[in-house]
Amino acid sequence: MTYEELGTTLQWKKNLLFAGVFIQENMLHAVFDRYNEMSCKQWLLLSVLKAFKTPPDLSTVARAMGCSRQNVKQLARPMEKEGYITMERSVEDARSLCISFTEKGKKASRENTAKGEFVHEAIFREFSDEEIETYFALSVKMMHGIEHLEKAFQQERI
């Protein structure tokens, strides 16, 4: 049965949309793992690092990636061993580790920028410009929904 055939009621559509987030993530990971030397999350880490003018600490990167500091550290360790990044103590706070690009990491980041265009073209091939704008607006709403979920879990103490 196809996703379109399953989505017959609003509740089923909500279920499929929610599950679809995880399914799409798994599919992206599988494709990246097959065709790239770094994982999808490592690729994201390099992309996030590009956004900072000075080397960010692990906590800052974690907030930008929507994950835990420990998660970023686990992603960063093998990347440091492979020579893409370095992790060094912050000058301002010796308790914080900051992540910097190496020359190899800068080169990989530039290559990923070009590859990103290829990835976006493939993923969004079936979307019109208007659909991309709509999807973007809906994705922002989903991010807000996740924030509401966080608050709801905090209040419920489940």
* Asked: Tell me, do Met79 and Ile99 make a side-chain contact under 4.5 Å, heavy atoms counted?
  -> no
* In Å and rounded to the nearest 0.5 Å, what is the CZ to CG distance from Phe32 to Leu44? -> 9.5 Å
* Does Val140 sit in a hydrophobic cluster with other residues, and if so which ones, taking ILVMFWY side chains as linked at heavy-atom separations under 4.5 Å, directly or through other members? -> Phe136
* **With sequence neighbours excluded, residues passing side-chain hydrogen bond (donor to acceptor under 3.5 Å, both in side chains) with Asn15** => Gln11
* Asked: Which value, rounded to the nearest 0.5 Å, describes the distance between Leu149 atom CG and Lys151 atom NZ?
  -> 11.5 Å
* Asked: Just by modelled atom types, is the Ser90 backbone N or O under 3.5 Å from a matching donor or acceptor in the Ser96 side chain?
  -> no
* Asked: To the nearest 0.5 Å, what is the distance between CG (Asn112) and CD (Gln42)?
  -> 10.5 Å
* To do: Could you list the residues that satisfy salt bridge (Lys or Arg N to Asp or Glu O under 4.0 Å) with Arg95, not counting sequence neighbours?
  => Asp93
* To do: Search all heavy atoms of Ala108 against all heavy atoms of Leu46 and return the closest pair with its distance.
  => CB-CD1, 4.1 Å
* With sequence neighbours left out, what residues match Glu133 under salt bridge (Lys or Arg N to Asp or Glu O under 4.0 Å)? -> none
* To do: Scan residues 96-113 for pairs that pass salt bridge (Lys or Arg N to Asp or Glu O under 4.0 Å), counting only residues two or more places apart or in two chains.
  => Glu103-Lys106, Lys107-Glu111
* To do: Please tell me if the side chains of Trp43 and Asn36 come closer than 4.5 Å, counting only heavy atoms from C-beta onward.
  => no
* Which other residues end up in the same hydrophobic cluster as Tyr35, if Ile, Leu, Val, Met, Phe, Trp and Tyr are linked when side-chain heavy atoms come under 4.5 Å apart? -> Val31
* **Any residue meeting ring-ring contact (aromatic ring centres under 6.0 Å, His included) with Phe101, in chain and number order, not counting sequence neighbours** => none
* **Val61 side chain near Pro56 side chain, heavy-atom distance below 4.5 Å** => yes
* Asked: By the rule that ILVMFWY residues connect when side-chain heavy atoms come within less than 4.5 angstrom, directly or transitively, which residues belong alongside Phe22?
  -> Phe18
* Would you please name every residue forming a salt bridge (Lys or Arg N to Asp or Glu O under 4.0 Å) with Lys14, sequence neighbours left out? => none
* Neighbour count >12 (heavy atoms, 6.0 Å) for atom OH, Tyr135 -> no
* From Phe124 CZ over to Ile132 CD1, what is the distance, rounded to the nearest 0.5 angstrom? -> 6.0 Å
* To the nearest 0.5 Å, tell me how far Ile123 CD1 sits from Phe118 CZ. => 10.0 Å
* To do: Give a yes or no on whether Glu37 atom CD has more than 12 heavy-atom contacts from other residues, nucleotides or ligands under 6.0 Å away.
  => no
* Structure fact -> Applied to residues 21-32, the salt bridge (Lys or Arg N to Asp or Glu O under 4.0 Å) test, sequence neighbours excluded, yields Glu25-Lys41
* Do the non-hydrogen side-chain atoms of His29 and Cys40 ever get within less than 4.5 Å of each other? -> yes
* Asked: Does the pair Ile85 and Ser100 meet the rule for a side-chain contact (heavy atoms from CB on, under 4.5 Å), with working shown?
  -> CA-CA 5 Å; Ile85 59 168; Ser100 302; over 6 Å; no
* Return the set of residues passing side-chain hydrogen bond (donor to acceptor under 3.5 Å, both in side chains) with Glu92 (not counting sequence neighbours), or none when no residue passes. => none
* Report the C-alpha separation of Leu17 and Met142 in whole Å, then their side-chain angles, then the decisive distance to 0.1 Å, and conclude whether the side-chain contact (heavy atoms from CB on, under 4.5 Å) test is met. => CA-CA 11 Å; Leu17 285 169; Met142 179 64 88; 5.6 Å; no
* What salt bridge (Lys or Arg N to Asp or Glu O under 4.0 Å) pairs are there with at least one residue in residues 42-64, not counting sequence neighbours? -> none
* Asked: Do Leu16 and Ile23 touch side chain to side chain, with heavy atoms closer than 4.5 Å?
  -> no
* Indicate yes or no for a side-chain donor-acceptor contact from Thr134 to the backbone of Glu130 under 3.5 Å, with no hydrogens or angles considered. => yes
* Is a donor on one side and an acceptor on the other found under 3.5 Å between the side chain of Gln74 and the backbone of Asn71? -> no
* Do Ser109 and Leu49 touch side chain to side chain, with heavy atoms closer than 4.5 Å? -> no
* Asked: Looking at Arg89 and Ala94, what are the two nearest heavy atoms and their distance?
  -> CD-O, 2.8 Å
* Just wondering, do Leu97 and Lys73 contact through their side chains at under 4.5 Å, heavy atoms? -> yes
* CG of Leu138 to CE of Met143: how many Å apart, nearest 0.5 Å? -> 12.5 Å
* **Glu80 (side chain) donor-acceptor with Arg77 (main chain) under 3.5 angstrom** => no
* Cys67 versus Val72, closest heavy-atom pair with distance -> SG-CG2, 3.7 Å
